[in-house]
Amino acid sequence: MSAVEEIPPQPVPDEDSIAFWQATANGRLEVCRCQQCRRWLQPPLERCPGCWGETAFEPVAGTGNVHSFIVVHQPAIPGYRDKLPYTVALLELDEQAGLRLPGRLVGVEPEDVTVGQRVTAELEELPGGDFTVAVFRPV
Ligand SMILES: [Zn+2]
């Protein structure tokens with residue numbers, strides 16, 4: 001009997017998200033931003049819905065707070081069985097009200113997570129592939 005490594009589903013970058021994945025692979029968390037009115041856009045868009053300006057990815061500080069969260073108790077995604085139970089949160093970044101990214105919380109037990117809790121982003125290799133994902137740690 002041999003242990004089989006579980007591989008989580010891998011991201012499938014498209015033309016709107018490829019720059020995000022290239023940035024995380026290079027150790028940076030970046031978010032799409034309008035180059036005209038400077039509004040941050042998540043999910044990324046080719047054009048700003050506010051002013052129709054062109055967009056590009058720019059670095060963010062990675063700091064923010066927990067907007068909402070769930071606690072995962074069942075191994076719904078391969079590769080995370082050993083982390084159960086874990087928390088997946090929607091994080092509101094400091095750069096702009098309403099600018100939210102999803103991410104797993106690390107370094108905290110699910111029962112200690114609260115809405116409004118301050119967090120900072122870290123980058124973590126996704127098992128089984130060439131991708132790096134953002135996780136968030138309470139500060
Ligand atoms: Zn704009």
Side-chain angles (χ1 to χ4, degrees):
M1 200 164 108
S2 64
V4 177
E5 185 187 4
E6 290 189 312
I7 305 299
Q10 301 295 298
V12 181
D14 59 19
E15 62 184 30
D16 291 333
S17 66
I18 184 92
F20 174 86
W21 296 111
Q22 288 170 339
T24 58
N26 288 308
R28 297 185 312 275
L29 180 61
E30 294 188 350
V31 174
C32 183
R33 191 174 199 186
C34 176
Q35 299 302 292
Q36 192 165 297
C37 73
R38 307 302 290 157
R39 177 180 171 191
W40 296 95
L41 302 166
Q42 170 59 29
L45 295 167
E46 187 179 353
R47 289 280 180 170
C48 174
C51 74
W52 210 243
E54 291 189 5
T55 62
F57 279 74
E58 294 186 15
V60 290
T63 55
N65 59 64
V66 174
H67 178 75
S68 65
F69 65 93
I70 61 166
V71 179
V72 179
H73 293 275
Q74 301 294 325
I77 297 176
Y80 288 87
R81 190 180 302 269
D82 63 333
K83 295 176 172 55
L84 293 171
Y86 60 87
T87 307
V88 176
L90 193 57
L91 297 316
E92 181 150 320
L93 302 182
D94 290 337
E95 276 78 5
Q96 177 178 289
L99 178 63
R100 296 174 190 150
L101 287 179
R104 185 167 50 86
L105 297 186
V106 298
V108 61
E109 295 300 323
E111 60 267 28
D112 295 329
V113 177
T114 58
V115 168
Q117 192 166 23
R118 295 291 299 163
V119 295
T120 188
E122 296 178 4
L123 296 175
E124 182 181 281
E125 253 181 57
L126 190 65
D130 300 324
F131 291 95
T132 302
V133 296
V135 296
F136 292 84
R137 181 181 298 275
V139 290

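Just follow the structure's listing: the first ligand is 1, and inside any ligand the first atom is 1. Because only heavy atoms are used, hydrogens play no part in the values below, and waters and symmetry mates are left out as well, while side chains stay in.
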- Taking 4.0 angstrom as the limit, do E95 and R33 come out as a salt bridge? no
- Salt bridge present between R38 and E58 (N-O < 4.0 angstrom): yes
- Message: If the test is side chain to side chain contact (heavy atoms under 4.5 Å, CB included), which one of V71, L91, V135 qualifies with L105?
- Response: L91
- Message: Between P49 and R39, is there a side-chain heavy-atom distance shorter than 4.5 Å?
- Response: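 Yes; the side chains approach each other to less than 4.5 Å.
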- Are any non-hydrogen side-chain atoms of E122 and V106 less than 4.5 angstrom apart? yes
- What is the ring orientation for Y80 with Y86, classed by angle as parallel under 30°, tilted 30 to 60°, or perpendicular over 60°? tilted
- State the count of protein N/O/S atoms located less than 2.8 Å away from the Zn ion (ligand 1).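 My tally for this metal is 4.
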